[in-house]
Amino acid sequence: MIELKNVNKHYGELHVLKDVSLSVRQGEVVVIIGPSGSGKSTLCRTINRLETIDSGEILIEGEPLPQEGKKLAGLRSRIGMVFQSFNLFAHMSILDNVTLAPTDVLKVPRKKAQAEAMKLLERVGVADQANKVPAQLSGGQQQRAAIARALAMHPKAMLFDEPTSALDPEMIGEVLNVMTELASEGMTMLIVTHEMNFARQVADRVIFMDDGKIVEENTPEEFFEHPVSERAQNFLSTIR
Ligand code: ADP
Ligand code: MG
């Protein structure tokens, strides 16, 4: 579904992705962990081309990542992304947030888009908030609405970049539950998170990044019980 081959990315002098190769198969849940500044967000952002790369290749369903135009818009709509900050449109109702892209991009008739949006909002447990604006919702509710908004485009895969890092502790669980459910329904997911229990439960594979490189890649059982590299051992000991 998603394949990166020897991807390199610099910000000026800073080499942030160093020969990164990784693949996510259909239905697979891959969790990326690693210290702050190791390049996790940059990696996510290159996948739907919010960032360009300097060398290497990114393939989505075997096809090179489109450079621009309609094809790129199409790709972005097929890969849902949820960020740390709930980037809902502040001036729109939750319902309008969810129906905007389906009506604008997919040309779904408004009534149909609204009916589908309500189902998705129900699924993530915020249907009763549909007519409010984002600021009237808790962080956890906003993040669940953001997930519904991404799902409204029928994505083939979902990218999550620390979706619970900005949440108050009591709201983390409700967002992780929605993600766990998605995973169990077979959604292909690439998730950056510091929630280790969650990672252990849902990940098919864990990737450990440090300093722009993939240092370790293993099953969650192996990774958490027997981290191989010193860097991974140190990282795990700081968060346990
Ligand atoms: P992580 O998500 O693992 O914390 P990031 O991908 O955000 O790491 O950042 C990797 C490195 O790239 C960091 O050193 C960060 O400061 C730098 N960086 C990230 N975004 C930019 C940018 N837009 N311009 C310059 N440097 C950046
Ligand atoms: Mg980050």
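Everything numeric in this text was worked out from a predicted model, so none of it was measured. When a ligand or atom number is given, it counts from 1 through the structure's own listing order.
Cation-pi contact between Arg45 and Phe83: absent, since separation from the ring centre below 6.0 Å together with deviation from the ring axis within 45° is not met.
Taking 4.5 Å as the limit, some side-chain heavy atom of Pro134 sits within range of a side-chain heavy atom of Ile94. Counting heavy atoms from C-beta outward, Met158 and Leu151 have side chains that approach closer than 4.5 Å. When side chains are defined from C-beta on, Asn87 does not count as touching Val82, because their heavy atoms never get closer than 4.5 Å.
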- Message: Quick one, His154 with Glu116, criterion side chain to side chain donor-acceptor pair (under 3.5 Å). Give me CA distance, side-chain angles, the key distance, then yes/no.
- Response: CA-CA 11 Å; His154 302 285; Glu116 195 174 331; 2.8 Å; yes

- Item | Criterion side chain to side chain contact (heavy atoms under 4.5 Å, CB included) on Ile33 and Phe235, from CA distance to verdict | CA-CA 9 Å; Ile33 67 173; Phe235 178 73; 4.1 Å; yes

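Distances under 2.8 Å from the Mg ion (ligand 2) pick out the protein N/O/S atoms Ser41 OG.
In summary, Asp211 and Lys18 engage in a salt bridge, as defined by a charged side-chain N under 4.0 Å from a carboxylate O. Using a cut-off of 4.0 Å between Lys/Arg side-chain N and Asp/Glu carboxylate O, Glu225 and Arg200 are scored as salt-bridged.
Note on Leu50: it clusters hydrophobically with Leu22, by side-chain heavy-atom contacts below 4.5 Å among ILVMFWY residues.
For a heavy-atom separation below 4.0 Å, the residues in contact with ligand 1 are Tyr11, Leu14, Val16, Pro35, Ser36, Gly37, Ser38, Gly39, Lys40, Ser41, Thr42.
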